[in-house]
Structures are given as C-alpha cells and as structure tokens.
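FYI, the numbering just counts along the sequence from 1.
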Amino acid sequence: MPETASSVDPRRWKALIFIALAQLMVVLDATIVNIALPSAQDALDISDANKQWVITAYALAFGGLLLFGGRLADLWGRKQTFVVGLVGFAVASALGGAALNSPMLMGARALQGLFGALLAPSALSLLAVMFTDAKERAKAFGIFGAIAGGGGAVGLILGGVLTEYMNWRWTFFVNIPFAAIAAVGAISVIREPAESRNPAKLDIPGVLLATLGLVSLVYGFTRAESDGWTAGLTIGLFVAAVVLLAAFAVVESRVKAPLLPLRVITDRNRGGVYLALGLAVIGMFGLFLFLTYYMQVVKGYSPVKSGLSFLPMIVGMITGSTQIGTRLMTRVPARLLMGPGFLVAAIGMLLLTQIDLDTSYPLLILPGFLLLGLGMGTAFMPAMSLATHGIQPRDAGVASAMVNTSQQVGGAIGTALLNTIATSAGNEYGKSHAATARSPKVLELQSMVHGYTTAIWWAVGILVVSAVIAITFVNAGRQDGGPAATGSGDGAAEDAIPVMAH
C-alpha cells in the first residue's frame, strides 16, 4: 500500500550519510590492512607462518557471526545494534593500532570482525526499512552499492597513503573518527520503524550451527591456500562445514522462530542474488590481491601510487551505481542490469589477462579498470536492493546479513582459489622456461605475471557464470511496487515493506 506523508522519516537522507560512512569503514577495512601488513609484520616480529592470522582472524569472526548479527538487529532493533557495532569496532581498532605484539593485534582483528558482523547487516537493513518509496530506494541503494563496491579499492588507496607517509598503526586508528561521526549521527537522526522488529525468541541451536559451519567453511578455504586442497585439515574443515550447515538447514525447517527463515533464501530472486553476488566477489577479491602485487612488485609502484592506480575503478563503480543502476532500476527488471553489468565487468577483466612485464597503464590497465568498475557498479546496486526488496520487515536484518555472508564467503573462496591457481600456474611456467630465461629475476617476474593472468582468466569465467545466473534465476520485474515487481514470494502482503507505485 502507498505510504502516507506522516510515515516517511524526514531525516532519512541525513541518516543515509551516517549509514554509508559506517559501511565504507567496514568495507575498506577488508583491504586497508593488506597494504599495511608487511610493515606491521616487521614492527611486531610476526612470523611468515602467522601473518595470515591478521587477515584470517577478522574473516572468521566476521563471516561466522554475520547471520547472528543480522538476527540480533531484528531482535534488538537495527539502530541500537548499529550503534553498538560502531562503538565496538572503534574500540577494537584502537586496540589494533596500539598492539604491542602479534596476539594483541590478532585479538583486535577478531574483535573488529565480531562488531563488523553486528554493523554490516544493521546498516543494510536500516536502508531496507527506511527507504520504501521506489525512486528514493533506488537512489539510496545506488549510493550504498557504490560504497560497497568501491570501498575495497578505497582501502588500497588509503592504506598506501597512511603506510607510506605515516605509520601502519594509522590503518587502524583511522577507523575511530569514522565510527565516532557515524555513531553520533546515527543517535541523532536515525529513526527505525517500531513495527519492523522481530521479538521472537533467539534460535540458539541455529546460532551455534550457523556460526560453526560458516567458520569451518571460511577457515577451510584459508587453510587450502596455505596447506593445499588435499591436506587432511582442509578436507576435514570442508566436511565439517557441510555437516554443520546441513544440520542448520534441518533445524531451521523445524524450529518455531528460526535464525534464518528458509523463506528468505528459497525465494528464487533472493537466492539468485546471493549466488550471483558471491561468485562475482570471488573474482573481485582475487583481482585486488593480484593487481596490488603486480603494481608494486612487477611495475615497481610505491604503495601510494599502487593505491591510486585503482582510482578509475572506483570512478567506474560510482558511475555505474549512481548514474546507470539508480536511473534504470525502476524502469527495467534487475536481471537486465545485473547480467549485462557482470558481462561488462568480465570484458574489463578480460583486458587485464593481457598484462605483461612492460604493460602500459593508460592503454590497457586503465580501460580494464574503468569497464570493471562500471560493470560491477551497475550490477551491485540493483542486486543489493533486490536482496531486501519485498522482504517482511521482521526478516530485513537476516536478509541483509545473507548479502554480507555471500560476499564474505565469496571473498574467502576467491582469495584461496585464485591464489592457488596463480601459484600453481606460476610454478609450472618457471619450470618449463628455466632453460631459456634471460635471468633468474626476469623469470621470477614472468612466472608471477603468468600466474596472475591465468587466475584472472578463471575470474573472467566466474563473472560470466554470475551473469548467466542473474539472467536465468532472477525473474523479478521492475522494483517499483507495480504489477511488474511481483517476483518475490514472501507471502503475507500485509507484512511486506510498503512500496509506492512509480
């Protein structure tokens, strides 16, 4: 039913500023520490075997607790969970910046992941319940999608600047002003609809099974990267993840108040969005990792120059999200933005398979980055909106958590899978070209680049699969609340978020 003027929060656009700021902080934190890690490793005398835990501790806590965080947002209220997440994230960041040894740093990273798991689903679900008019929802999700897509690249830039000109500790301390401004703003202007809470009793067995299953899955991919895919621990973790998540699905189908109502993921459109986004992120995370090393090791760029080289990708993402996705989301079905968007991104990535030791940045890397950003921005915005479109307000938090979970698990898979492919291809190249190499150093760089391009080819294929899934699985119409938008089957129309006809 249409909204009345009195039901519209007059401060919703101010609230968006602080929600977007918090989202930027969480997303950039996933990559900003990567740039600072070599410096932190030297300063705290972290061994090569343990350095991965600076990344893994965050990924395990964040990925494992996202569904729990989304359910708490539905239970406690999204504003309260959002503010608690911000304050906790700031405290954890302060501990990380002040770390005196590696256990303190890794503990701080785990705390960041824990509070990030409260913060991320709260931010997205706040948008879902505050912006219900079709045109306004398109604009709000356009901004949010651009930040979600480009935040990782922003982290590379900011991490390079802070590491080169200040100190690695500032990659943690920089979160404190972000969080403080967002928390004060949220307390002042966010007004969550009272009827959107879900007061049902917390599903403790579901929480335990989901958390342990997701932690096993994420950690399994982490161990696969370091120990190999056939190592006993790796296989054991994957088997445990399958058993735990299967048990979780059985429990959720039988309990009265499930942590993850199966109606959220069995809806054809939301299931398609989660799968397409997860696959797309596999390619994106691997690309960030490879091209960061390519810029700094092969091209000899400084951390700052390396970070700035990703700027065109950010520009492309913002343009695709706010100028294409936002303008067309209420006019065409989401699949006609997601599918072509992923294909344009695949073309941009296809250009990047041609990198070599002396590749020109303006002639090849720049257009590749622009197309990649433009395509991902165009696809991400309608996908993130559709993931919460038409959802029952009481399920908005957990539906939002599933968006973040698909991205987090996709990132873990992408880093492990593509890095394994790159390493294997690089080693094979080195062995087969050892006799004809000009010098050991040149061979090392050539092997590295060959490994990267092989993995990027895989990423191209993954993006094409994402496009196919988006076009075939997602069958919702325009997100305008009219007859064309009736592709989401949550039932109980009176419980759905009201959307004004376009």
Side-chain angles (χ1 to χ4, degrees), residues 19 22-23 26-27 58-86 88-89 112-130 141 144 148 186 190 192-193 196-215 217-218 245 248-249 251-252 255 257-267 270-271 273-274 277-278 281 383-411 490 495 497:
I19 294 170
Q23 176 68 10
V26 172
V27 175
Y58 178 87
L60 290 180
F62 189 69
L65 295 169
L66 271 168
L67 284 177
F68 182 45
R71 179 64 183 90
L72 286 181
D74 290 333
L75 178 65
W76 289 351
R78 290 149 196 112
K79 176 178 177 178
Q80 181 173 329
T81 310
F82 183 72
V83 173
V84 169
L86 282 168
F89 201 91
Q112 280 186 312
L114 186 156
F115 287 107
L118 289 179
L119 186 56
S122 301
L124 185 55
S125 58
L126 277 170
L127 288 190
V129 299
M130 292 177 69
F141 273 86
F144 192 84
I190 290 179
E192 179 186 356
S196 66
R197 291 194 185 187
N198 183 352
K201 185 178 179 181
L202 190 63
D203 171 22
I204 299 300
V207 169
L208 294 175
L209 288 170
T211 301
L212 291 174
L214 288 171
V215 165
L217 184 63
V218 173
L245 292 176
F248 171 68
V251 168
E252 297 307 277
V255 298
L259 171 69
L260 175 61
L262 295 184
R263 61 181 176 268
V264 172
I265 56 173
T266 55
D267 175 82
R270 268 190 291 281
V273 166
Y274 297 148
L277 277 180
V281 171
M384 297 184 75
S385 177
L386 185 60
T388 54
H389 182 67
I391 193 75
Q392 296 178 22
R394 62 186 179 182
D395 295 334
V398 74
S400 302
M402 276 301 300
V403 176
N404 289 282
T405 300
S406 66
Q407 292 177 319
Q408 185 66 24
V409 173
D490 276 340
D495 288 333
I497 294 176

*K79 side, atom NZ; I19 side, atom CD1 - distance, nearest 0.5 Å*: 11.0 Å
*So how far is it from M130 CE to I190 CD1, rounded to the nearest 0.5 Å?*
6.0 Å
*Closest heavy-atom contact between F115 and F89?*
CB-N, 3.6 Å
*asked:* Restricting to side-chain contact (heavy atoms from CB on, under 4.5 Å), what partner residues turn up for A22, sequence neighbours left out?
replied: F82, L86, L119, A182
*Beyond-backbone contact of L66 with P121, side-chain heavy atoms, under 4.5 angstrom*: yes
*Smallest separation among heavy atoms of A123 and Q23, with atom names*: CB-OE1, 4.4 Å
Do any side-chain atoms of residues 202-215 form donor-acceptor pairs under 3.5 angstrom with protein atoms, and if so which ones, sequence neighbours left out?
unit_1	atom_1	unit_2	atom_2	d
D203	OD1	G206	N	3.1
D203	OD2	L259	N	3.0
T211	OG1	G64	O	3.4
T211	OG1	V207	O	2.7

_Non-hydrogen atoms of G70 and A401 that approach each other most closely_ = CA-CB, 3.9 Å
*Is V281 close to S406 at the side-chain level, that is, under 4.5 Å between some pair of heavy atoms?*
no
*Without swapping roles, check the side chain of E252 against the backbone of L260 for a donor-acceptor pair under 3.5 Å.*
yes
*Tell me, do L67 and M402 make a side-chain contact under 4.5 Å, heavy atoms counted?*
yes
*For R270 and R263, work out which heavy atoms get closest and say how close.*
NH2-O, 4.2 Å
*Could you tell me which residues satisfy side-chain contact (heavy atoms from CB on, under 4.5 Å) with T81, sequence neighbours excluded, listed by chain and number?*
A73, W76, L118, S122
_Would you compute the distance between atom CG of L386 and atom OH of Y274 and round it to the nearest 0.5 angstrom?_
9.5 Å
_Show the nearest heavy-atom pair for residues F62 and A120, with the distance to one decimal._
CZ-CB, 3.9 Å
*At their closest point, which heavy atom of V398 faces which heavy atom of P261, and how far apart are they?*
CG1-CD, 4.0 Å
